[in-house]
Amino acid sequence: MTDKIIRTLFLDIGGVLLTNGWGRQERDKAILKFNLNGIEVNERHHLTFDTFESGKLSLKEYLNRVVFYEPRDFSVEDFTKFMFGLSVPFKDTIDFFKGIKKQYNINVIAVSNEGRELNEYRINKFKLRELFDAFVSSSYVHLRKPDIDIFLMACDISQTAPEHSIYIDDRLMFVEVAQSLGMNGIQYISLEDIKEKLLRFRFGTDAGR
């Protein structure tokens, strides 16, 4: 067990608490649903997605570049509704972290890469304000993981020294970046795995900053 008391949990959203907002699987479903050219859509996506997730493009602007660059027999509203409807919560995982927060009275802060409109939809739809104290979302802070500055910003916002925090993400590289800054990092594989790994830590609010 670590001798450092954990004051703050930093959690990714997509892949940990919910399905991914707009990953490859979600795009593939939209490509099939709307009979799109998958090669063209994915190429255009990769050329502009960083800009969208960094909050420098609206969702409509992103879709104009990636989907509506030519006339379609469906509307932006039709596509957006389908896109948003792909999000599914991992309710047991959300409830588990709510329990941790309540039991130990610690901070829980989101650190995620998501476009603004999709991020806000997911926050509202799945009542994530009941879990999180703050959202360090890429579209809000104009930084994206794996940029170290987004992790440092999260520590500053929460007033938590890295060694008194845990960062949880399904993507190993992001966990490794957090660890390089002195944060405790855990890759999310399953809820049972997280429960077991968190047993190594002590939680509380009396740790130094």
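S180 contributes a side-chain N or O that, together with a main-chain N or O of V177, makes up a donor-acceptor pair within less than 3.5 Å. Using a distance-only test at 3.5 Å, with no hydrogens or angles considered, no donor-acceptor pair links the side chain of T160 to the main chain of T8. Using a distance-only test at 3.5 Å, with no hydrogens or angles considered, no donor-acceptor pair links the side chain of E40 to the main chain of N37. Of the possible donor and acceptor atoms, none in the side chain of D169 sits under 3.5 Å from a partner among the backbone N and O of D12. Y188 places a side-chain N or O within donor-acceptor distance of the main-chain N or O of L191, the cut-off being under 3.5 Å. The backbone N or O of E163 sits less than 3.5 Å from a side-chain atom of N184, completing a donor-acceptor pair. Judged by distance alone, with hydrogens and angles left aside, the side-chain atoms of S137 form no donor-acceptor pair with the main-chain N or O of Y140 at under 3.5 Å. Between the side chain of H164 and the backbone N or O of I6 there is no donor-acceptor pair closer than 3.5 Å. R72 places a side-chain N or O within 3.5 Å of a backbone atom of V67 that can act as its donor or acceptor partner. N113 places a side-chain N or O within donor-acceptor distance of the main-chain N or O of K145, the cut-off being under 3.5 Å.
Between F74 and F34, the ring-plane angle classifies as tilted under the 30° and 60° cut-offs.
The shortest side-chain heavy-atom distance between L118 and W22 falls under the 4.5 Å cut-off. Residues F132 and L9 are not in side-chain contact: their nearest non-hydrogen atoms beyond the backbone lie 4.5 Å or more apart. Using a 4.5 Å heavy-atom threshold, the side chains of N42 and R24 count as touching. Side-chain atoms of P89 and I94, non-hydrogen and from C-beta on, do get closer than 4.5 Å to each other. Side chains of I106 and F203 form a contact here, defined as non-hydrogen atoms less than 4.5 Å apart. Between I194 and F97, some side-chain heavy-atom pair lies under the 4.5 Å cut-off. Put simply, the side chain of D133 reaches to within 4.5 Å of the side chain of K101, judged on heavy atoms. Side-chain contact between M173 and P146 is present, with at least one heavy-atom pair separated by less than 4.5 Å.
Linking ILVMFWY residues whenever their side-chain heavy atoms come closer than 4.5 Å, directly or via other members, leaves Y69 and L36 in distinct clusters. Each of V136 and F52 belongs to its own hydrophobic cluster when Ile, Leu, Val, Met, Phe, Trp and Tyr are linked at side-chain heavy-atom distances under 4.5 angstrom. Residues V66 and L63 share a single hydrophobic cluster, defined by chaining ILVMFWY side chains whose heavy atoms lie under 4.5 Å apart. Neither L59 nor L18 shares a network with the other; the hydrophobic side chains, linked directly or stepwise wherever heavy atoms of I, L, V, M, F, W or Y lie under 4.5 Å apart, form separate groups for each. Cluster annotation: V76 and Y121 are assigned to the same hydrophobic cluster (Ile/Leu/Val/Met/Phe/Trp/Tyr, side-chain heavy-atom contacts under 4.5 Å, transitive).
Here E192 pairs with K195 in a salt bridge; the nearest charged N to carboxylate O distance falls below 4.0 Å. One finds a salt bridge joining R144 and D50 here, because a Lys/Arg side-chain nitrogen approaches an Asp/Glu carboxylate oxygen to under 4.0 Å.
Under 3.5 Å, the side chains of D193 and S190 contain no donor-acceptor pair of N or O atoms.
In terms of heavy atoms, I186 sits closest to L198 at CD1-CD2, 3.7 Å. Listed here is the closest heavy atom pair of I5 and G204: CG2-N, 3.4 Å. Among all heavy-atom pairs drawn from A30 and F79, the shortest one is CB-CZ, 3.8 Å. Minimum heavy-atom separation, S158 to I109: CB-CD1, 3.3 Å.
Of the inter-residue distances, the one linking K33 atom NZ with L86 atom CG reads 10.5 Å to the nearest 0.5 angstrom. Once rounded to the nearest 0.5 Å, the distance linking CD1 of I123 with CZ of F135 reads 4.0 Å. Rounded to the nearest 0.5 Å, atoms CZ (F174) and CD1 (I150) are 9.0 Å apart. Rounded to the nearest 0.5 angstrom, F151 CZ and D149 CG are separated by 10.5 Å. Note that CD of E117 and CZ of R122 are 13.5 Å apart. Values are rounded to the nearest 0.5 Å. Taking CE of M153 as the reference point, atom NE2 of H142 lies at 9.5 Å (rounded to 0.5 Å).
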- Message: Set out, in order, the CA-CA distance, both residues' side-chain angles and the distance that settles side-chain contact (heavy atoms from CB on, under 4.5 Å) for V111 and L11, then state yes or no.
- Response: CA-CA 6 Å; V111 183; L11 303 179; over 6 Å; no
- Task: Assess whether salt bridge (charged side-chain N to carboxylate O under 4.0 Å, His left out) is satisfied between R116 and E120, documenting all intermediate values.
- Result: CA-CA 6 Å; R116 176 178 289 269; E120 291 179 352; 3.3 Å; yes
- Query: Under the side-chain contact (heavy atoms from CB on, under 4.5 Å) criterion, do K197 and I189 qualify, and how do the steps go?
  - Reply: CA-CA 11 Å; K197 288 178 178 175; I189 297 171; 4.3 Å; yes
- Would L57 and R65 count as a side-chain contact (heavy atoms from CB on, under 4.5 Å) if you check the C-alpha gap in whole Å, the side-chain angles of each, and the deciding distance to 0.1 Å? CA-CA 10 Å; L57 281 180; R65 294 185 183 187; 3.5 Å; yes
- Query: How far apart are the C-alpha atoms of E26 and M83, what are their side-chain angles, what is the distance that settles it, and do they pass the side-chain contact (heavy atoms from CB on, under 4.5 Å) test?
  - Reply: CA-CA 8 Å; E26 289 73 30; M83 181 182 184; over 6 Å; no
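Other residues, nucleotides and ligands place more than 12 heavy atoms under 6.0 Å from the CZ atom of R44. Within a 6.0 Å radius of CD in Q25, other residues, nucleotides and ligands contribute 12 heavy atoms or fewer. Environment of NZ in K60: sparse, with no more than 12 heavy atoms of neighbouring residues, nucleotides or ligands closer than 6.0 Å.
Within the cation-pi definition used here (under 6.0 Å to the ring centroid, within 45° of the axis), R129 does not qualify as a partner of F126.
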